[in-house]
Amino acid sequence: MARGDQLERQWTLVHLLSGRLGRTLAQLQAELGVTKRTVQRDIAILERTGFPVVSEARNGTVFWHFIEGFRVEASVSLTLTEQMALYFSRGLLKPLQGTPLYESLESALQKIGSTLPPQGLHFLRGLDQAISVGTFGLKDYSRSKEIIAQLTRAISHKYTVRIEHRVPAYDEGIEREVDPYRFHYENNGLYLVAHDHRSGEPRLFAVERISWVKTTNHRFEIPADFDFETLKQTAFSMVWGEPQEVKIRFSPGQAPYIKERTWHPSQKIETERDGSILLTLRVAGLWEVKRWLIGFGGEARVLHPEDLGKEIEEECATLLRNRRPSVLKEAKV
């Protein structure tokens, strides 16, 4: 077993033993997904390192917990401005409202808020009126609450799961067996990063499209060569893969808007004499680039690859054809 897994399991055990009622060995075994002997060995390790673990018999059953009055949580000293910054940050994850992730964050921030002096809370309420967080394209995750909770446990304990994932192009969901690595939050959307047994590759699954989750009794290990950050940087937004060079010319009118943002870590910008700019990227998922560029209309021109430019032309032609019937109808009225 990897050293990291052992430490993670023992850290989970620390939190389980901190409960006021304690746990039986059978409960600890089930929650940690290990043998009874492994639980006993981990408890012995905690005892040797100074944790005050005690056993208590109640109605013929032995419960394990920390001695009364022992606190697992370490007190952290935060300045007033640090507390206020953390308390205010809850708005950034508001799109996840109704999920266990947001509820845990909200609970922690409420505790921070309760320690602030009246002046600090008054100031924060003023900030709430002065700053807002955009939620354009917000997804509703309240219906995925239990699914997120199950996936969180599977990620934490590295259990393979079976899921049913719905794709808009199909009427019925597809059942898959996956190894859940982590959650990824981007563009107001929550995604599951997992190794898909069907394709044999890491994939992204939109959480709101997962109909159900069933945890198996199989454990998995994340490959040592899996580097999510490197993989993610191949994508323009969400679709990763083999990157290729994309070169776009933007008009002088759009040049300031393009230059003031980082669209991708690989981007390079060259300014032309007439004030236009050349934006060069190395990305996969050209469908995402196409959808982005269509929004600029005639202010953007694809120089490379040629196929991307043709796809945009065809898309715009389709948009024009779809508009014509309504124009004709209006003319007849």
Side-chain angles (χ1 to χ4, degrees), residues 1-43 45-46 49 51 53 64-66 72-74 93 96-109 141 144-165 176-186 189-197 202-208 210-224 226-229 231-232:
M1 173 177 291
R3 175 65 174 162
D5 289 343
Q6 182 181 355
L7 291 174
E8 180 183 347
R9 187 184 68 245
Q10 290 169 357
W11 178 248
T12 303
L13 176 61
V14 168
H15 284 272
L16 293 175
L17 294 176
S18 66
R20 185 172 58 87
L21 298 178
R23 297 287 203 283
T24 67
L25 286 179
Q27 289 172 331
L28 292 171
Q29 178 184 344
E31 292 184 80
L32 295 173
V34 295
T35 65
K36 180 179 178 180
R37 183 177 179 182
T38 298
V39 174
Q40 292 172 321
R41 185 168 59 244
D42 284 345
I43 289 176
I45 291 173
L46 293 182
T49 53
F51 284 89
V53 183
W64 295 81
H65 57 86
F66 290 131
V72 175
E73 297 83 2
L93 291 180
L96 294 179
Q97 197 166 11
T99 70
L101 298 174
Y102 186 83
E103 289 175 355
S104 296
L105 174 66
E106 183 72 10
S107 174
L109 294 179
Y141 288 104
S144 303
K145 185 174 181 178
E146 181 54 33
I147 287 173
I148 294 173
Q150 287 181 267
L151 290 174
T152 300
R153 290 192 291 270
I155 291 170
S156 176
H157 300 299
K158 293 183 172 58
Y159 275 108
T160 299
V161 297
R162 297 194 68 82
I163 63 173
E164 182 182 77
H165 184 256
R176 296 176 180 271
E177 191 168 89
V178 302
D179 299 334
Y181 289 174
R182 65 167 69 186
F183 286 120
H184 178 57
Y185 181 63
E186 185 155 336
L190 186 65
Y191 299 85
L192 175 68
V193 181
H195 176 79
D196 178 27
H197 290 205
R203 293 287 178 88
L204 281 178
F205 298 95
V207 169
E208 73 277 8
I210 298 176
S211 306
W212 50 258
V213 177
K214 295 179 181 178
T215 305
T216 72
N217 58 0
H218 301 297
R219 307 293 291 272
F220 68 88
E221 296 290 339
I222 299 178
F226 177 74
D227 186 343
F228 178 67
E229 293 304 317
L231 189 62
K232 187 179 68 172

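- Separation of atoms CG (Leu32) and OG1 (Thr12) is listed at 6.5 Å; rounding is to 0.5 Å.
- Between Arg23 and Glu31 there is a salt bridge, with a side-chain nitrogen of the basic residue lying less than 4.0 Å from a carboxylate oxygen of the acidic one.
- To the nearest 0.5 Å, atom CG of residue Leu16 and atom CZ of residue Phe66 are 9.5 Å apart.
- What you find for Thr160 and Thr216 is that their closest heavy atoms are O-OG1, 2.7 Å.
- Side-chain N or O atoms of Arg219 include one that pairs as donor or acceptor with a backbone N or O of His157 at under 3.5 Å.
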- Task: Walk me through it: do Val193 and Phe228 pass the test side-chain contact (heavy atoms from CB on, under 4.5 Å)?
- Result: CA-CA 9 Å; Val193 181; Phe228 178 67; 3.6 Å; yes
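- Annotation for Ala194 and Pro180: closest pair CB-CA, 3.8 Å, computed over non-hydrogen atoms.
- A distance-only check finds a donor-acceptor pair linking the side chain of Gln150 to the backbone of Val213 [under 3.5 Å].
- The minimum heavy-atom distance between Ile147 and Ile210, with the atom names listed, is CD1-O, 2.9 Å.
- Atom CZ of Arg37 is separated from atom CG of Asp42 by 12.5 Å, given to the nearest 0.5 angstrom.
- Thr35 contributes a side-chain N or O that, together with a main-chain N or O of Thr38, makes up a donor-acceptor pair within less than 3.5 Å.
- Every residue two or more places apart in sequence or in another chain was checked for a side chain to side chain donor-acceptor pair (under 3.5 Å) with Asn217, and none qualifies.
- Side chains of Trp64 and Ile43 form a contact here, defined as non-hydrogen atoms less than 4.5 Å apart.
- In plain terms, the two heavy atoms of Gly22 and His65 that are nearest each other are CA-CB, 3.7 Å.
- Annotation: side chain of Val178 is in contact with side chain of Ile163 (closest heavy-atom distance under 4.5 Å).
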- For the pair Gln40 and Leu25, evaluate side-chain contact (heavy atoms from CB on, under 4.5 Å) and give the outcome as yes or no after the intermediate values. CA-CA 8 Å; Gln40 292 172 321; Leu25 286 179; 3.8 Å; yes
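- A distance of 9.5 Å separates CD of Glu146 from CG of Leu151, quoted to the nearest 0.5 Å.
- Atom NE2 of His218 sits about 9.0 Å away from atom NE2 of His197, to the nearest 0.5 Å.
- At least one test fails for Arg153 against the ring of Tyr159: distance under 6.0 Å to the centre or angle within 45° of the axis.
- For the residue pair His195 and Tyr181, the shortest heavy atom distance occurs at CB-OH, 3.4 Å.
- Taking CG of Asp196 as the start and CZ of Phe205 as the end, the distance is 4.0 Å to the nearest 0.5 Å.
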- Might you work through the side-chain contact (heavy atoms from CB on, under 4.5 Å) test for Asp179 and Ile222, ending with a clear yes or no? CA-CA 8 Å; Asp179 299 334; Ile222 299 178; over 6 Å; no
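- In this structure Glu186 satisfies the side chain to side chain donor-acceptor pair (under 3.5 Å) test together with His184, sequence neighbours excluded.
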- Query: Given Phe183 and Thr152, is the side-chain contact (heavy atoms from CB on, under 4.5 Å) satisfied, shown in steps?
  - Reply: CA-CA 8 Å; Phe183 286 120; Thr152 300; 3.4 Å; yes
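- The closest side-chain heavy-atom distance from Val14 to Leu46 is below 4.5 Å.
- The two residues Pro202 and Phe226 have their closest heavy-atom pair at CB-CE1, 3.9 Å.
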